[in-house]
Amino acid sequence: MNPPTFDSVQVGDALPPLQLPAVDRTTLALFAGASGDHNPIHIDIDVARRAGMPDVFAQGMLGMAWLGRLLTAWAPQSRLRRFDARFQGITHLGNAMRCSGTVVEKLEQAGERCVRIELLSANQFGQTKIVGEALVALA
């Protein structure tokens, strides 16, 4: 797939969505190892329960990484100028996340033609877990 160009993209265009399998303990353990986030609340059920949670849950940065994967599947990482996220809910075991993005603005910034993209991560029940925004420079 060819990377998008400024002229080929329109406000309202949707990025190809990223559908992920249900979150499981293996995913959490692998991300803990890869990211260095070994907070036991994400991998140890006893710690999670002592904190008042029914079970372990996904690291927030795992959800942000999935949104980053959505972006870099659409345009090269080298074109990413800004990437912000707001965590709005806990991603529990069994949540099958869907990441999506929509072009909401075309603009020029610092001499580059860019698009602003609104990002969303929601589970299979439509519950929003992360919202965000990215700025991507396009040729």
Side-chain angles (χ1 to χ4, degrees):
M1 183 170 132
N2 291 329
T5 64
F6 186 82
D7 292 332
S8 70
V9 172
Q10 301 302 318
V11 171
D13 286 356
L15 278 63
L18 174 63
Q19 180 65 56
L20 296 152
V23 174
D24 60 19
R25 293 174 197 285
T26 301
T27 301
L28 302 184
L30 290 171
F31 186 75
S35 68
D37 181 354
H38 297 285
N39 185 332
I41 202 163
H42 299 299
I43 52 178
D44 185 329
I45 190 170
D46 294 326
V47 171
R49 286 185 176 159
R50 281 196 302 272
M53 300 300 296
D55 206 336
V56 297
F57 53 93
Q59 301 90 336
M61 294 308 295
L62 175 57
M64 192 170 179
W66 289 327
L67 286 173
R69 185 171 147 194
L70 169 82
L71 287 167
T72 59
W74 184 70
Q77 181 180 347
S78 63
R79 307 308 295 170
L80 188 60
R81 299 297 181 257
R82 192 182 79 241
F83 178 23
D84 303 305
R86 290 179 304 284
F87 302 99
Q88 296 193 328
I90 293 173
T91 302
H92 295 282
L93 292 176
N95 281 182
M97 303 308 296
R98 180 181 173 88
C99 299
S100 58
T102 304
V103 176
V104 294
E105 183 180 10
K106 294 175 77 170
L107 63 148
E108 186 171 314
Q109 183 166 318
E112 292 184 302
R113 298 189 312 168
C114 299
V115 292
R116 186 169 60 87
I117 300 168
E118 287 185 352
L119 301 166
L120 175 70
S121 177
N123 67 13
Q124 71 269 34
F125 308 112
Q127 298 166 324
T128 298
K129 302 300 180 175
I130 302 175
V131 295
E133 188 174 282
L135 188 67
V136 180
L138 298 178

Atom [atom1] of [X] and atom [atom2] of [Y]: how far apart are they, to the nearest 0.5 Å?
X	Y	atom1	atom2	result
L119	R86	CG	CZ	9.5 Å
I41	L28	CD1	CG	12.0 Å
F31	L62	CZ	CG	5.0 Å
E133	E118	CD	CD	6.5 Å
T5	L138	OG1	CG	7.0 Å
D84	M64	CG	CE	6.5 Å

Evaluation steps, side-chain contact (heavy atoms from CB on, under 4.5 Å), between R50 and D44: CA-CA 10 Å; R50 281 196 302 272; D44 185 329; 5.7 Å; no

Shared hydrophobic cluster, [X] / [Y] (ILVMFWY, side-chain heavy atoms < 4.5 Å):
X	Y	value
I130	F57	no
F6	L15	yes
V104	V136	no
L20	L30	no

I need the minimum non-hydrogen distance between [X] and [Y], along with the two atoms involved.
X	Y	answer
G60	F87	O-CE2, 3.1 Å
V56	A48	N-CB, 3.8 Å
L70	C99	CD1-O, 3.7 Å
L80	F83	CD2-CB, 4.1 Å
P17	R98	CG-NH2, 3.2 Å

Under 3.5 Å donor-acceptor, [X] side chain and [Y] backbone:
X	Y	value
D37	N39	yes
K129	I90	yes
T72	G68	yes
E105	V11	no
Q124	G94	yes
N95	M97	no
S8	P4	no

Candidate pair L93 and R25, rule side-chain contact (heavy atoms from CB on, under 4.5 Å), full reasoning: CA-CA 7 Å; L93 292 176; R25 293 174 197 285; 3.6 Å; yes

Evaluation steps, side-chain contact (heavy atoms from CB on, under 4.5 Å), between I117 and W74: CA-CA 11 Å; I117 300 168; W74 184 70; 3.4 Å; yes

T91 vs N123 side-chain heavy atoms within contact, under 4.5 Å: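 Result no, sub-4.5 Å side-chain heavy-atom pair not found.
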
side-chain contact (heavy atoms from CB on, under 4.5 Å) partners for R81, two or more places apart: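 Listed in chain order: R79, E112, L135, A137.
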
side-chain contact (heavy atoms from CB on, under 4.5 Å) involving Q10 - partner list, sequence neighbours excluded: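 Partners of Q10 under the side-chain contact (heavy atoms from CB on, under 4.5 Å) test: D13, K106.
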
CD/Q77: more than 12 non-hydrogen atoms of other groups inside 6.0 Å: no

